[in-house]
Trainee: 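Dumping the structure here so I can ask a few things about it.
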Protein chains: 2
Amino acid sequence: MTKSEIIEPFLKRLRVSTDIVEEDERAISSLPIVARQVANGEAIASIGDRPSACCLVIDGFVLRSKIVGTGQRQILAFHQAGDVPDLQSLFLHVMDHDVSALGNCVLGFIPHGPLRDLIKHRPNIAQALWRDTLTDAAVFREWICNIGQRDATSRVAHLVLELYTRLKAIGRTDGLAFSFPATQALFADAIGTSVVHMNRVVQELRSRRLLDFDRGRISILDEAGLREAADFDALYLHLDPSL
Amino acid sequence: MTKSEIIEPFLKRLRVSTDIVEEDERAISSLPIVARQVANGEAIASIGDRPSACCLVIDGFVLRSKIVGTGQRQILAFHQAGDVPDLQSLFLHVMDHDVSALGNCVLGFIPHGPLRDLIKHRPNIAQALWRDTLTDAAVFREWICNIGQRDATSRVAHLVLELYTRLKAIGRTDGLAFSFPATQALFADAIGTSVVHMNRVVQELRSRRLLDFDRGRISILDEAGLREAADFDALYLHLDPSL
DNA sequence: CGCTTCATTGAAACGTTTCAACGCTAGTGG
DNA sequence: CCACTAGCGTTGAAACGTTTCAATGAAGCG
C-alpha cells in the first residue's frame with residue numbers, strides 16, 4: 001500500500017471541511033504513518049491506556065465501546081475510512097473507553113509527536129481536526145436522543161440511516177445498500193437492547209419492507225419509509241461544512 | 001459585575017487544564033464579554049440558529065436539549081460556571097440542538113470574531129478549549145452508556161454523582177449537598193424515563209437512604225452506597241489534566 | 001464430521017409507561 | 001386574610017415494550 005493510498009481517505013475528509021493549501025497536503029504527506037491490517041475484534045486501544053499514537057481508518061470499520069458494571073457492552077460509535085477515532089488521546093491522555101476493529105480493516109498509526117507538530121504549524125489542519133471531533137460529539141448527542149427517546153424499531157432504522165448517509169458521503173455505498181460486517185448482537189449493543197429483541201425488530205423492519213440485513217450487508221428497501229420510521233434528519237452529521 | 005468576576009470561572013477552568021501564561025490571561029481579559037442575567041427556561045440558542053457569539057456560564061446552570069419526532073425532549077448535557085456550552089458553534093455553524101437556561105443564571109456572551117483571534121494567536125488557550133470540547137464528548141459517551149445499559153435507578157444515581165463531582169471540582173458544593181434547580185420532570189428528560197417513573201426512583205433512592213431531592217437541592221446521604229448503585233467511575237470526566 | 005457462531009422462536013417475567021386522579025405548596029389578586 | 005390558581009410531587013392500576021431463559025435451526029469452518 002503506497003503512502004498516497006494510505007492518506008487518501010484522510011485528505012479527502014480534510015478537503016471538504018477546510019481550505020487545505022498545497023503546503024498542508026505536503027505536511028500531511030510527510031507524516032510518518034505505519035499502515036497495518038487489523039483483524040476483526042482486535043483491540044486498538046483499551047480503557048486506561050495512554051496511547052502514544054492515533055489511529056487513522058484507511059479501510060473497513062472501527063468501533064468504540066465501553067463495558068458497564070453489569071458486564072454489558074455499550075457501543076458508542078462506528079468509524080469509517082478517513083476517521084481518526086482516537087484523536088482525543090492527543091489531549092485526553094488516558095483512554096476512557098475501548099477502540100477495536102469491526103471486521104478486518106486497514107489502519108494507519110500516526111505518532112502523537114508529529115501529529116502535535118502538524119497541529120501547531122498548520123492551523124487549517126488543526127481547525128479541520130477540531131471540527132471533526134465536534135461532529136463526533138454531535139453524533140454522540142444524537143445517539144443519546146436515539147437511545148433515550150425512540151423505541152427499538154426507530155433506533156435501528158435511525159442507526160442504519162446514519163451509517164448509510166455517512167458512507168454515501170465518502171462514496172462507499174452501493175446504491176441503497178452498503179456492506180457493514182456487524183452481527184445482530186453487535187447492533188443490539190449499539191442501540192441498547194437485547195439480541196432477542198434486536199432480532200424481532202429486524203424481522204419487523206423486513207416485513208414492513210423498509211430494509212434488509214444479510215450477513216454483513218444492509219440494504220435499504222424504502223428510503224422514505226425508513227426516514228419516517230427513524231425520525232431521521234441528517235443535520236447533526238454536519239456533512240456540509242459551508243453551512 | 002466587574003470584568004474580573006465575569007472571567008474568573010473561565011480562567012479557573014483554563015488554568016487547571018493548561019499552562020496559561022500571563023500573556024494568555026491578558027488576552028482573555030481583553031475579550032469583549034457582555035454579561036447578562038438570563039431567566040429560567042430562556043432560550044440561548046436554538047436548533048437551526050447560526051450564532052455569532054459563544055456563551056460563557058458565569059453563575060447558575062445551562063442545559064442542552066433536543067426535541068425528537070414524538071415531541072419528547074431529551075436533555076443532552078448540563079453546564080456549570082466556567083463552561084462554554086456552545087463553543088462548537090465556532091466550527092459547526094448551524095446549531096443541531098437547543099441551549100437554554102436551567103434556573104436563573106448569569107451568562108457572558110463572547111463574539112465569535114475575537115474568540116477566533118484568541119484561538120489563532122494563543123495556542124495554549126486553543127488547546128485548553130479543544131480539550132474542553134473533548135471532555136464534553138467524553139460525558140456524552142458516558143450518558144450513552146448510562147441510558148443504554150443501566151436501569152432507571154442507577155441512571156439517576158449516576159447523574160447525581162456526575163453533577164456532584166463536577167461541582168465539587170469548582171468548589172460549588174456544600175458538603176455532600178449542592179443546589180441544582182431541576183424538577184423531577186427535568187431529570188426525567190435527562191435520563192430518558194417518564195416523570196412518573198422518575199418519581200418512583202426518587203422515592204426508592206430516598207428510602208434506601210442514598211440521596212434526597214428537595215426543591216432545587218440535592219443531598220447525598222451515603223456516598224459509597226450511591227457510587228455502588230450508580231456504577232460510577234469519575235475517569236471519564238478527565239478532571240485531572242496531568243493524567 | 002462435529003464444532004462454533006449466528007439467527008430465530010415461544011413463553012413467562014420484568015421494568016417502565018400511560019392515564020387519570022389527588023394533595024401539597026407557594027404565589028396572586030380580591 | 002382567604003380563595004384561587006398553577007406547578008410540582010405522588011399514587012394506583014392496566015397496558016405495553018422489552019428482557020430473560022431455554023431451546024432449535026441454519027450456515028460456515030477446520
Side-chain angles (χ1 to χ4, degrees), chain A residues 39-41 68-75 101-104 146-159 179-208 211-219 229 231, chain B residues 39-41 68-75 102-104 146-160 179-208 211-219 229 231:
Chain A
N40 183 21
V68 301
T70 52
Q72 292 163 101
R73 176 175 71 160
Q74 174 68 48
I75 291 177
L102 165 54
N104 301 319
N146 206 30
I147 298 175
Q149 301 296 340
R150 297 194 256 259
D151 66 18
T153 310
S154 296
R155 293 216 278 275
V156 173
H158 196 282
L159 179 52
S179 79
F180 189 71
T183 62
Q184 293 188 7
L186 195 124
F187 248 80
D189 284 349
I191 61 161
T193 66
S194 65
V195 196
V196 172
H197 196 60
M198 172 69 201
N199 178 259
R200 296 196 235 259
V201 166
V202 168
Q203 288 175 58
E204 187 204 332
L205 288 167
R206 267 204 279 254
S207 75
R208 286 168 63 186
L211 60 78
D212 195 24
F213 273 64
D214 185 40
R215 267 165 287 123
R217 190 169 181 77
I218 297 175
S219 312
D231 178 31
Chain B
N40 183 21
V68 301
T70 52
Q72 292 162 99
R73 176 175 70 160
Q74 174 68 47
I75 292 177
L102 166 54
N104 301 318
N146 206 30
I147 298 174
Q149 301 295 339
R150 297 194 255 259
D151 65 19
T153 310
S154 296
R155 293 216 278 274
V156 174
H158 196 281
L159 178 51
V160 166
S179 79
F180 190 73
T183 61
Q184 293 188 5
L186 196 124
F187 249 80
D189 284 350
I191 61 161
T193 65
S194 65
V195 195
V196 172
H197 196 59
M198 172 70 200
N199 178 260
R200 294 196 236 260
V201 167
V202 167
Q203 288 174 61
E204 187 204 331
L205 288 167
R206 267 204 277 256
S207 75
R208 285 167 64 185
L211 59 79
D212 196 23
F213 273 64
D214 185 40
R215 267 164 288 123
R217 190 169 181 75
I218 297 174
S219 312
D231 179 31

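Residue numbers begin at 1 in each chain, while the letters A, B, ... track the order of the sequences.
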Trainee: Are B:Val156 and B:Leu205 packed together at the side-chain level, in the sense that at least one heavy-atom pair is separated by less than 4.5 angstrom?
Mentor: yes
Trainee: For B:His197 and C:dT17, give me the distance from atom NE2 to atom P, rounded to whole Å.
Mentor: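 Checked: the NE2 to P distance equals 6 Å.
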Trainee: Within this structure, what is the CZ-to-P distance between B:Phe213 and D:dG7, rounded to whole angstrom?
Mentor: 21 Å
Trainee: Do A:Phe187 and A:Ile75 come close enough that some side-chain heavy atom pair is under 4.5 Å?
Mentor: no
Trainee: Using whole Å, what does the distance between atom P of nucleotide C:dT18 and atom CD of B:Gln72 come to?
Mentor: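 It works out to 6 Å between those atoms.
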Trainee: Which pairs, protein N/O on one side and nucleotides 8-13 of chain D N/O on the other, fall under 3.5 Å?
Mentor:
from: D:dG9; atom 1: OP2; to: B:Gln184; atom 2: N; distance (Å): 3.0
from: D:dT10; atom 1: OP1; to: B:Arg206; atom 2: NH2; distance (Å): 2.7
from: D:dT10; atom 1: OP2; to: B:Gln184; atom 2: NE2; distance (Å): 3.0
from: D:dT10; atom 1: OP2; to: B:Asn199; atom 2: ND2; distance (Å): 2.3
from: D:dT10; atom 1: OP2; to: B:Arg206; atom 2: NH2; distance (Å): 3.2
from: D:dT10; atom 1: O5'; to: B:Asn199; atom 2: ND2; distance (Å): 3.3
from: D:dT11; atom 1: OP2; to: B:Gln203; atom 2: OE1; distance (Å): 2.2
from: D:dT11; atom 1: OP2; to: B:Gln203; atom 2: NE2; distance (Å): 3.0
from: D:dG12; atom 1: N7; to: B:Arg200; atom 2: NH1; distance (Å): 3.3
from: D:dA13; atom 1: N6; to: B:Arg200; atom 2: NH2; distance (Å): 3.0

Trainee: Would you check, one step at a time, whether the test side chain to side chain contact (heavy atoms under 4.5 Å, CB included) holds for A:Gln74 with A:Ile147?
Mentor: CA-CA 11 Å; A:Gln74 174 68 48; A:Ile147 298 175; 3.7 Å; yes
Trainee: For A:Asp151 and D:dT19, what is the distance between atoms CG and P respectively, to the nearest whole Å?
Mentor: 12 Å
Trainee: What's the spacing between B:Gln184 CD and B:Thr193 OG1 if we round to 0.5 Å?
Mentor: 10.0 Å
Trainee: Check step by step if side chain to side chain contact (heavy atoms under 4.5 Å, CB included) holds for B:Arg208 and B:Thr153.
Mentor: CA-CA 11 Å; B:Arg208 285 167 64 185; B:Thr153 310; 3.8 Å; yes
Trainee: Rounded to the nearest Å, what distance is computed from the CE atom of residue A:Met198 to the C1' atom of nucleotide D:dG17?
Mentor: 16 Å
Trainee: Atom CG of A:Asp189 to atom P of C:dC6: distance rounded to whole Å?
Mentor: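 So the two atoms are 12 Å apart, to the nearest Å.
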Trainee: What is the separation between atom CG on B:Leu186 and atom P on D:dG7, rounded to the nearest whole Å?
Mentor: 15 Å
Trainee: Within this structure, what is the CZ-to-P distance between B:Arg150 and C:dG15, rounded to whole angstrom?
Mentor: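 The answer, rounded to whole Å, is 18 Å.
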Trainee: Where do A:Ile191 and A:Leu159 land on the side chain to side chain contact (heavy atoms under 4.5 Å, CB included) test, with the steps shown first?
Mentor: CA-CA 8 Å; A:Ile191 61 161; A:Leu159 179 52; 3.9 Å; yes
Trainee: Tell me what A:Gly192 touches on the nucleic acid: a base, only sugar-phosphate, or nothing, going by heavy atoms under 4.0 Å.
Mentor: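 Since only primed, P, OP1 and OP2 atoms lie under 4.0 Å of A:Gly192, the category is sugar-phosphate.
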